[in-house]
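Sequential numbering from 1 along the given sequence is applied to the chain's residues.
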Amino acid sequence: INGGGIFLGGWQSSGTNWVYGSVVGGDAHKGSDAGDQPDIIPIESFTSSSTNGYYDQKWRIVYEGITRANSVLKVMRNATDISADDQTRIRAEALFLRGHYHFEGVKMWNKIPYINEDVTDYNVPNDIDIWDSINRDLKFAYDNLPGTMANKGRVNKYAAGALLGKAYLFQKK
């Protein structure tokens, strides 16, 4: 993803969380030599600081995804040529993505700002648990998406249910 001219991709922001899961968990090693992806070494050895660029890139990709989902929700409010059924499906897809990205952020940093489509002052504190908001987004997606989609690769009811179940597991529910 290109976010305002800044490349937001690669291992540091990968959806697989290879660095933060497999490498940190000991299932994988960054490999190669010390000069290749050197910011992974302190993450892997639990000596990383908050200035490690990998964390910045992960943060950016999380909030870029949230921003894009919220943009869909805001723009759709003014649309006059979308049927009610399509509006519900599009809303469910956007809420799934917003829930997914907030979930990614919570997995990394625990308490993060929850940003919905109505936020205009982005100086949002990160002092609350946002699980209820994540659950609400994912539950709406589960309740309102069809079981199959005409276009392969689009999120459906079962993907939303699986992610909601995973969120519940992380909450020990």
Side-chain angles (χ1 to χ4, degrees), residues 1-73 90 92-117 119 122 124 126 129-131 133-135 137-142 145 149 151-172:
I1 292 177
N2 183 327
I6 299 170
F7 178 69
L8 299 174
W11 293 120
Q12 61 272 43
S13 59
S14 168
T16 66
N17 289 314
W18 175 73
V19 172
Y20 313 107
S22 297
V23 173
V24 170
D27 294 339
H29 177 64
K30 101 174 178 56
S32 190
D33 58 57
D36 179 26
Q37 302 295 322
D39 286 342
I40 295 177
I41 295 169
I43 295 171
E44 180 178 25
S45 62
F46 300 98
T47 60
S48 186
S49 74
S50 62
T51 60
N52 188 312
Y54 268 57
Y55 301 132
D56 179 59
Q57 291 299 311
K58 183 67 174 180
W59 183 270
R60 288 173 183 248
I61 202 76
V62 162
Y63 280 97
E64 181 65 26
I66 292 166
T67 298
R68 290 177 184 207
N70 285 333
S71 293
V72 167
L73 296 168
I90 293 166
E93 289 177 287
L95 290 177
F96 172 86
L97 290 170
R98 185 171 76 191
H100 162 75
Y101 283 106
H102 277 109
F103 186 16
E104 283 293 301
V106 168
K107 287 191 300 185
M108 285 291 296
W109 296 285
N110 189 18
K111 291 186 177 176
I112 62 168
Y114 181 80
I115 307 294
N116 68 23
E117 70 273 25
V119 171
Y122 293 95
V124 179
N126 64 338
D129 186 314
I130 66 167
W131 279 118
S133 298
I134 293 169
N135 294 343
D137 284 351
L138 296 176
K139 181 78 166 80
F140 184 92
Y142 176 73
L145 286 169
M149 297 292 265
N151 298 328
K152 301 295 181 205
R154 295 188 82 93
V155 66
N156 63 26
K157 175 182 203 69
Y158 305 111
L163 189 57
L164 179 59
K166 185 175 180 178
Y168 286 158
L169 285 171
F170 270 73
Q171 298 166 72
K172 298 181 171 97

Residues at least two apart in sequence or cross-chain that pass salt bridge (charged side-chain N to carboxylate O under 4.0 Å, His left out) with K107, listed by chain then number, are E104
Listed by chain and number, what are the salt bridge (charged side-chain N to carboxylate O under 4.0 Å, His left out) partners of K166, not counting sequence neighbours?
none
With [X] via ring pair (Phe, Tyr, Trp, His ring centres under 6.0 Å) - residues at least two apart:
X    : answer
H102 : Y114
Y142 : none
W131 : F103

For the student: nearest non-hydrogen atoms of [X] and [Y], plus distance:
X    : Y    : answer
D129 : K111 : N-CE, 4.2 Å
K58  : Q12  : CB-O, 3.5 Å
A69  : A94  : CB-O, 3.4 Å
I61  : S13  : CG2-CB, 3.5 Å
K157 : L145 : CB-O, 3.3 Å

Main-chain N/O of I112 paired to N126 side chain as donor or acceptor, under 3.5 Å:
no
What residues, two or more places apart in sequence or in another chain, satisfy side chain to side chain donor-acceptor pair (under 3.5 Å) together with [X]?
X    : result
K139 : D143
N135 : Q171
S50  : none
Y55  : S48

Take the angle between the ring planes of W59 and Y63 and call it parallel below 30°, perpendicular above 60°, tilted in between.
tilted
Side chain to side chain contact (heavy atoms under 4.5 Å, CB included) involving Y158 - partner list, sequence neighbours excluded:
N156
Residue list, side chain to side chain contact (heavy atoms under 4.5 Å, CB included) with A162, at least two apart or on another chain:
none
To the nearest 0.5 Å, how far apart are CG in L95 and NE2 in H100?
14.0 Å
Separation between OH (Y122) and OG1 (T67), nearest 0.5 Å, reads 6.5 Å
Donor-acceptor pairs are to be reported for all side-chain atoms of residues 34-46 against protein atoms at under 3.5 Å, with residues two or more places apart or in another chain.
| unit_1 | atom_1 | unit_2 | atom_2 | d |
| --- | --- | --- | --- | --- |
| D36 | OD2 | S32 | OG | 3.2 |
| Q37 | OE1 | Y54 | OH | 2.2 |
| E44 | OE1 | H29 | ND1 | 3.4 |
| E44 | OE2 | H29 | ND1 | 2.7 |
| S45 | OG | I41 | O | 2.9 |
| S45 | OG | T47 | OG1 | 3.0 |

For residues L73 and R98, determine if any side-chain heavy atom of one lies less than 4.5 Å from a side-chain heavy atom of the other.
yes
Before giving the answer on side chain to side chain contact (heavy atoms under 4.5 Å, CB included), spell out for F96 and L138 the whole-Å C-alpha distance, their side-chain angles and the decisive distance to 0.1 Å.
CA-CA 5 Å; F96 172 86; L138 296 176; 4.1 Å; yes
